[in-house]
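I have placed the structure first, in the form of structure tokens, so that the comments after it can refer back to it.
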Amino acid sequence: MFGCAGCGAVLTAAVSEVALPVHLADTHWETLHPPLLEGGTYAVAPALSDAVLLAPGDTRGTRLILERAAGYCRGIDGRDGPNLACLDCDLPVGTRLDECGCWQVVQLVPEAVVRLPGPPERPVMDWPELLATDALWHRLSTFRDIPAGVALAHVVVAADGAPIEAAPGPVADLLGRALGKLLPTGKAAAKRLELAGPGHGEPPADLVLVPIHPQTGAVWQPHSGAVPVPMDAALWAELAFPPHRTRLPAVGGLPSGTERDDPLPPHPSYPFQPSPYAFRNTLARMPTAGEPWLRALYDRAC
């Protein structure tokens, strides 16, 4: 729970800290976005001067500063600075963003808020608990090109300039085309890229895509000696445990010779592409980003 540094008034509901979602690396232009964070949670964004981010519905005791509520199209984009003020003392305490092309989020100004006593934060779930609940299957996976672009940057750095052989199936479907364009092909020995993680196992590979814990941000560690490549947990779960579609009803069966007439999912109008902006944004923040070969890949992805 956070309060106003000026007067101590309560500014948020009780919230628990989670890892900063990788989706912040990009947005979809002129698209209304959902809240970046689940209700009852918050995250700290180091790239935003350690601003505290939370869902707009978790704010309390604030008002909109109307003269700072400008936007480009269908909402507020924060261009004029903090636009939320404390109801009790009028201190600017945060910025609400809800413009199309922006994640819906409130950014609390670190210097303007303080932690207040409140209920204990949610306990951290272990991987078996996460797999047994719906915690890894959340709505942000509909923006899957963004975490795919982030993962692509981590794969490229882990490959260290070597070609990549993506495992056939979900991994190749997600990253194979992009890796083929970015990394060299030819006589050099390719590094095998597989999926590994809790409840999924560890196939033989040089590199393995593994999930990031959604609460702590810790990367799941393989035991096989393969190099772990972090991936958003929701996207990882989508690849590791794809939904099973059946043409038969779940209960009861159908008469012999009868099939369901539900239409199959439509084919996409174009091949899947990881977000180039998320790829470049992630690559630019890595310690090795200044190496010439990585700089060349950064420029090629523009």
Side-chain angles (χ1 to χ4, degrees), residues 21-29 47 141 143-197 200-212 217-240 242 267-302:
V22 302
H23 295 73
L24 198 59
D26 195 9
T27 60
H28 290 178
W29 180 244
S141 62
F143 294 81
R144 65 199 302 265
D145 64 304
I146 299 173
V150 174
L152 177 64
H154 285 286
V155 171
V156 165
V157 171
D160 197 23
I164 291 290
E165 177 194 355
V171 174
D173 293 344
L174 188 82
L175 301 177
R177 293 180 70 254
L179 288 170
K181 292 179 179 179
L182 290 170
L183 294 176
T185 58
K187 296 181 180 180
K191 294 183 178 181
R192 176 81 171 182
L193 176 66
E194 285 274 7
L195 199 68
H200 184 74
E202 297 184 48
D206 302 292
L207 311 174
V208 286
L209 292 166
V210 298
I212 302 168
V219 177
W220 188 86
Q221 294 298 314
H223 303 286
S224 61
V227 176
V229 179
M231 171 178 273
D232 172 68
L235 180 58
W236 177 88
E238 179 184 314
L239 302 182
H267 288 287
S269 55
Y270 50 86
F272 176 79
Q273 179 185 12
S275 163
Y277 184 83
F279 169 79
R280 296 194 305 270
N281 191 25
T282 304
L283 196 63
R285 297 177 186 277
M286 292 188 173
T288 56
E291 295 186 11
W293 72 276
L294 282 177
R295 180 66 200 187
L297 291 184
Y298 179 97
D299 294 337
R300 197 185 311 168
C302 294

Considering all heavy atoms of both residues, which atom of [X] and which atom of [Y] are nearest to each other, and what is their separation?
X	Y	value
Trp236	Leu195	CD1-CD1, 3.5 Å
Ala153	Leu283	CB-N, 4.0 Å
Pro211	Gly197	CD-CA, 4.3 Å
Lys191	Ala158	NZ-O, 3.8 Å
Pro228	Trp220	CB-O, 4.1 Å
Phe272	Asp173	CD2-O, 4.4 Å

Only pairs at least two apart or in different chains count here, so list each salt bridge (charged side-chain N to carboxylate O under 4.0 Å, His left out) that has a residue in residues 222-236.
->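 Non-adjacent pairs meeting salt bridge (charged side-chain N to carboxylate O under 4.0 Å, His left out): zero.
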
Interatomic spacing from [atom1] in [X] to [atom2] in [Y] - rounded to 0.5 Å:
X	Y	atom1	atom2	answer
Phe279	Asp145	CZ	CG	14.5 Å
Lys181	Leu297	NZ	CG	14.0 Å
Leu239	His200	CG	NE2	9.0 Å
Asn281	Tyr298	CG	OH	7.5 Å
Ser275	Arg144	OG	CZ	13.0 Å

Side-chain ([X]) to main-chain ([Y]) donor-acceptor, under 3.5 angstrom:
X	Y	value
Glu194	Glu202	no
Gln273	Pro271	no
Asp26	Ile146	no

Less than 4.5 Å apart, any side-chain heavy atom of [X] and any of [Y]?
X	Y	answer
Pro242	Glu238	no
Leu152	Thr282	no
Leu209	Leu193	yes
Val22	Leu235	no

Test Met231 against every option in Leu174, Val150, Ile212 by the side-chain contact (heavy atoms from CB on, under 4.5 Å) rule and name the one that passes.
->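 That would be Leu174.
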
side-chain contact (heavy atoms from CB on, under 4.5 Å) between Val208 and Val227: does it pass, once the steps are laid out?
-> CA-CA 6 Å; Val208 286; Val227 176; over 6 Å; no

Assess whether side-chain contact (heavy atoms from CB on, under 4.5 Å) is satisfied between Leu294 and Val157, documenting all intermediate values.
-> CA-CA 8 Å; Leu294 282 177; Val157 171; 4.2 Å; yes

Step by step, work out the side-chain contact (heavy atoms from CB on, under 4.5 Å) result for Ile164 and Leu175.
-> CA-CA 10 Å; Ile164 291 290; Leu175 301 177; over 6 Å; no

